[in-house]
Amino acid sequence: MEIILENFLVTSALTYANGKLHIGHIAGSYLNADIFVRYQKLVGNDVLYIGGTDDYGTPISIKAEEENVSPQDIVDKFNKSMRVDLEGLNIQLDNFSGTSHVNHSKDSQDFFTNLYDAGYIKKKVIKQFYDEKQKRFLSDRYVEGICPFCKEEGARGDQCDNCGKLIDAMDLIEPKSKLSGEVPIIKDTTHWYLDLPKFEDELRNWLDTKTYWKDNVKNFVLSWLNEGLQERAITRDLNWGIPIPLENTEGKVLYVWFDAPIGYLSSTKEWAEKIGEPDRWKDYWLNKDTKMIHFLGKDNIPFHTIIWPAMLSKQKEQFVLPHDVPANEYLNLEGQKMSTSRNWTVWVEDYLKYFEGEYLRYVLAANAPETKDSDFSWEDFRMRINTELNNVLGNLANRTCVFSKKYFDGKIKRPAKLTELSKNTLAEVYKLTDTIGRSYSSYQVRKATKQFMDIARIGNKYFDETQPWKEIKSDKNKASETLYVCLEILRIISITASPIIPKSMKILHDMLGITIPLTWDNISKETAEYSINNVDRLFRKIDEKEVEEQLEILKQRQKENVKEDIMIEHKPLIEYDDFMKLEIRIVKILEAERVKKSNKLIKLKVNIGGEERSVIAGVGKDYKPEELIGKKVPMLINLKPRIVMGVESQAMILAAEDEGKLSILHPDKDVMEGSEIS
RNA sequence: GGCGGCGUAGCUCAGUUGGUUAGAGCAUCGGAAUCAUAAUCCGAGUGUCCGGGGUUCAAGUCCCUGCGCCGCUACCA
């Protein structure tokens, strides 16, 4: 196979620096990038692999306040922990930087300036509420007041829930800050907007050339374009961020999504400086033949396919545009969506306390969420490690090497002539290596994993068919040939599987006593004589108990999480009179039907004791109308009626909420409708 | 309700531009073998390819429709 040398700049999406790495990050943008990079390096292409942390923004500044440290401390802590985790998984970036590192600010400001000078950034003065107590500008949803249209209280600054009309926050009557409860003052504030509509035609033409992009990515981008691009604010009033490079703009910083992708550039520059060749970054960024490939999760698609290329295209320097954006879908855990806030995930740090990094690499590669969401379960993890890595590959290596040691002192020469079976077997294996190469270069890690396991299966089959344990007694040369072929197969696996499980394949390569470097080209260089070193097990098995242990840990975490929830802020104490103001009665549900055009609302007709009322309840996700009819439940009935989706609701159903799931309350014994609760 | 995705063997999934008896791994059962990590190899299966219509010589694959599930989104008084 002829290979043309290429130039790659590979990135993994910057990870937000307010937490640790979990297996979702790995499956989404790190492992697939690392495997691709390792393959390209094996082939001999010039690859630079860049990443880092996304360091600015409100959540980090809030977290810092909570922990009473500086935002930089938070960022540094997580940046460091991520490096350790990546190291543990053998994911080797050429540079892992962070957007709070020195040169990033300048690069981001330059991007801003160039776009500004070219007329792609608009300045807008907008009126915004300002909370003097909190010393923050309040975004619309942090302001409440009376709706100017329906005069209902509790309308948010962006929309009134009562009448559903969109509101300009400035029109709110008696506005209040949701943060402090104070009356905010109105201040003019200036923000800068990226004029995305101006880019529309250009982007469309550019995207037309990306015929090779994955379907899910292309569809996503097209739907964005078809809806029409909006001007987007790229600045915020905040103290933790990059100041914008204009006169008299104190307190204005770049919005994180603007500066984050520039981190790829500044990280490359940081790398160039570290290796003592400060201009080397140009070989990638200013070289039109560079293929820049962004690995990321699906949530990051629009930024990298629309906004980022738009930003890049208007710089003074002719930067390369993204060549491909192989976005992955999501990884679920034990059948449920992963969630860090619910603590439903596996932290890399924790994983590494129990298992080898290689095993996670293998399982996530075999089951990567390439075309749709996939599921990680500990039982599947165990099965794959035991039946695939151990039984098929590990055992093939072991039986071959041990046999060679025992009868030939580990020295196996290439026979002068091979039998038809041997030739065919090797030919089949070689054919697969081409296929594997194609899988790697088209980001199909799942396929590549299956394909190198298939090579090992061919090896086991060949071993069984030739029966060297019999050959050794009748014709020693024949047995030697069999072992030679198996060793060749192992050699080829050690190369083809190394992007996925680099550590163990290096061990295998060394075990076989091969002295030429481990490169893709050397697949075709047959070894003249093997000299096997000490034979070791390549993999260990995972016990069922270990699976149970991990499941237990997951459960345990859920409980911890609940404890934290209970700590959540309590409301102020109230007087008994306040409680007495509430009229809560048991009502009987007479009728129930879904509200049209809604999948969450159910319209109820209830008997509250001699009187019927209609009620709208937002329980449609957890209850079907049929199961509600006839039930007796408590309701708050002296709440001001209100119109929801065109229907008046004259009471409020009481339900407990647990992780978004609603559970309607029931009296312990059967009581008459109308009974009051006190 | 809107947008997007999914529904193929017990389980996890492949099925390229529509083309012969629908595949792989795991699990199950039977057999062979004993070099090896109780590992391996051979054989056996089972499928209304979610339902219903349509286009076509031909549909798991394209179109319409219904059902079910998931994600984002609006509606939780």
Side-chain angles (χ1 to χ4, degrees), chain A residues 152-154 159 161-162 164 215-216 219-220 222-224 226-227 298-299 329-330 332 335-337 363 366-367 370-377 379-380 382-384 386-407 444 446-447 449-451 453-454 456-473 479 482-483 486 535-541 594-602 615-622 635-655 657 660 662:
Chain A
E152 183 69 29
E153 280 181 43
Q159 191 175 16
D161 286 338
N162 189 41
D215 284 345
N216 59 345
N219 290 341
F220 206 103
L222 280 176
S223 76
W224 254 59
N226 292 340
E227 279 168 25
K298 60 182 167 188
D299 50 332
E329 305 280 315
Y330 288 146
N332 293 328
Q336 283 176 55
K337 209 191 158 191
V363 172
N367 195 21
E370 276 161 15
T371 52
K372 55 182 167 189
D373 294 357
S374 66
D375 190 46
F376 178 91
S377 79
E379 181 54 21
D380 180 63
R382 182 180 83 88
M383 293 303 286
R384 284 192 187 274
N386 289 358
T387 64
E388 296 174 18
L389 274 189
N390 275 283
N391 295 355
V392 178
L393 177 52
N395 185 44
L396 175 66
N398 194 64
R399 71 201 296 208
T400 307
C401 291
V402 167
F403 202 104
S404 303
K405 269 281 191 202
K406 197 164 165 188
Y407 293 100
Q444 292 177 292
R446 282 177 95 112
K447 267 192 189 165
T449 310
K450 184 186 177 300
Q451 286 155 353
M453 280 321 287
D454 283 344
R457 291 199 169 91
I458 292 171
N460 276 320
K461 185 173 176 177
Y462 173 83
F463 200 111
D464 268 50
E465 281 175 3
T466 48
Q467 302 181 316
W469 57 91
K470 281 186 184 161
E471 289 175 330
I472 195 73
K473 287 169 191 153
T482 296
L483 292 172
C486 289
V535 180
D536 279 325
R537 274 186 83 119
L538 287 175
F539 311 103
R540 74 174 182 93
K541 290 205 172 176
R594 290 192 181 277
V595 175
K596 277 176 195 162
K597 292 191 180 177
S598 164
N599 59 355
K600 197 168 168 183
L601 301 183
I602 293 181
V615 175
I616 299 293
V619 295
K621 269 195 172 165
D622 303 293
M635 280 197 187
L636 178 60
I637 63 171
N638 64 335
L639 190 67
K640 251 189 223 170
R642 126 149 228 215
I643 294 168
V644 181
M645 308 257 324
V647 187
E648 190 175 47
S649 179
Q650 299 158 326
M652 181 171 118
I653 195 163
L654 302 183
E657 185 173 350
L662 295 175

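Side chains are part of it too, since the values below use all heavy atoms of this structure and drop only hydrogens, waters and symmetry mates. Throughout, a chain's letter reflects where its sequence line sits, starting with A, and its residues are numbered from 1.
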Length of the line joining [X]:[atom1] and [N]:[atom2], which is rounded to integer Å:
{"X": "A/D375", "N": "B/rC70", "atom1": "CG", "atom2": "P", "value": "14 Å"}
{"X": "A/Q467", "N": "B/rA32", "atom1": "CD", "atom2": "P", "value": "14 Å"}
{"X": "A/D454", "N": "B/rG23", "atom1": "CG", "atom2": "C1'", "value": "13 Å"}
{"X": "A/I458", "N": "B/rC41", "atom1": "CD1", "atom2": "P", "value": "11 Å"}
{"X": "A/L393", "N": "B/rA39", "atom1": "CG", "atom2": "P", "value": "15 Å"}
{"X": "A/D373", "N": "B/rG4", "atom1": "CG", "atom2": "P", "value": "17 Å"}
{"X": "A/L483", "N": "B/rA36", "atom1": "CG", "atom2": "C1'", "value": "12 Å"}
{"X": "A/I602", "N": "B/rA77", "atom1": "CD1", "atom2": "P", "value": "11 Å"}

Sticking with atom [atom1], work out how far [N] lies from [M], rounded to a whole angstrom.
{"N": "B/rC26", "M": "B/rA39", "atom1": "P", "result": "12 Å"}
{"N": "B/rG47", "M": "B/rC41", "atom1": "C1'", "result": "27 Å"}
{"N": "B/rG68", "M": "B/rC50", "atom1": "C1'", "result": "8 Å"}
{"N": "B/rA27", "M": "B/rG10", "atom1": "C1'", "result": "8 Å"}
{"N": "B/rU56", "M": "B/rG18", "atom1": "P", "result": "16 Å"}
{"N": "B/rC64", "M": "B/rA24", "atom1": "C1'", "result": "33 Å"}
{"N": "B/rU48", "M": "B/rC76", "atom1": "C1'", "result": "41 Å"}
{"N": "B/rA33", "M": "B/rG43", "atom1": "C1'", "result": "14 Å"}

Looking across every strand, which nucleic acid part, if any, lies under 4.0 Å from [X] by heavy atom: base, sugar-phosphate, or nothing?
{"X": "A/A617", "value": "sugar-phosphate"}
{"X": "A/A651", "value": "sugar-phosphate"}
{"X": "A/I616", "value": "sugar-phosphate"}
{"X": "A/E388", "value": "sugar-phosphate"}
{"X": "A/T371", "value": "sugar-phosphate"}
{"X": "A/R446", "value": "sugar-phosphate"}
{"X": "A/R457", "value": "sugar-phosphate"}
{"X": "A/Y330", "value": "nothing"}

[X] side chain: which of [options] is closest?
{"X": "A/N367", "options": "B/rU12, B/rU40, B/rC26", "answer": "B/rU12"}
{"X": "A/W469", "options": "B/rA33, B/rA39, B/rA24", "answer": "B/rA33"}
{"X": "A/V392", "options": "B/rU40, B/rA77, B/rU34", "answer": "B/rU40"}
{"X": "A/K461", "options": "B/rC42, B/rC6, B/rC26", "answer": "B/rC42"}
{"X": "A/F539", "options": "B/rU40, B/rU37, B/rG25", "answer": "B/rU37"}
{"X": "A/K541", "options": "B/rU37, B/rU40, B/rA77", "answer": "B/rU37"}
{"X": "A/T387", "options": "B/rA33, B/rC26, B/rU37", "answer": "B/rC26"}
{"X": "A/K406", "options": "B/rA36, B/rA24, B/rU34", "answer": "B/rA36"}
{"X": "A/N395", "options": "B/rU37, B/rA39, B/rU12", "answer": "B/rA39"}
{"X": "A/K372", "options": "B/rU37, B/rC13, B/rG25", "answer": "B/rC13"}

Between [X] (side chain) and [Y] (backbone), is there a donor-acceptor pair under 3.5 Å?
{"X": "A/N390", "Y": "A/N395", "value": "no"}
{"X": "A/N367", "Y": "A/D375", "value": "yes"}
{"X": "A/D373", "Y": "A/Y330", "value": "yes"}
{"X": "A/E388", "Y": "A/M453", "value": "no"}

Inset, instruction - Measure the acute angle between the ring planes of A/F463 and A/W469, then classify it against the limits of 30° and 60° as parallel, tilted or perpendicular. - result: parallel

Legend entry - Residue closer to the 5' end of RNA chain B, A/M652 versus A/N391 (nearest nucleotide): A/N391

Legend entry - Position toward the 5' end of RNA chain B (nearest nucleotide), A/L636 or A/A397: A/A397

Legend entry - Considering all heavy atoms, the nearest A/F539-A/L389 contact: CD1-O, 3.3 Å

Legend entry - A/E329/A/K372 salt bridge by N-O under 4.0 Å criterion: no

Legend entry - Salt bridge A/K461-A/D464, side-chain N to carboxylate O under 4.0 Å: no

Legend entry - base_contact_polar (B/rA33 base, A/D464 side chain, donor-acceptor, <3.5 Å): no

Inset, instruction - Could you tell me whether the side chain of A/N390 has a donor or acceptor atom within less than 3.5 Å of a complementary atom in the base of B/rU37? - result: yes

Inset, instruction - Determine if A/F403 stacks with B/rC35; use a centre-to-centre distance below 5.5 Å and an interplanar angle below 30° as the criteria. - result: no

Legend entry - Presence of A/N460 side-chain N/O under 4.0 Å of B/rA39 phosphate oxygens OP1/OP2: no

Identify the nucleotide, in any strand shown, that forms a Watson-Crick or G-U wobble pair with [N], with both distances under 3.5 Å; if there is none, say none.
{"N": "B/rU17", "value": "none"}
{"N": "B/rG71", "value": "B/rC3"}
{"N": "B/rG30", "value": "B/rC42"}
{"N": "B/rG60", "value": "none"}
{"N": "B/rU55", "value": "none"}

Legend entry - Stepwise side chain to side chain contact (heavy atoms under 4.5 Å, CB included) check, A/F403 with A/I472: CA-CA 10 Å; A/F403 202 104; A/I472 195 73; 4.3 Å; yes

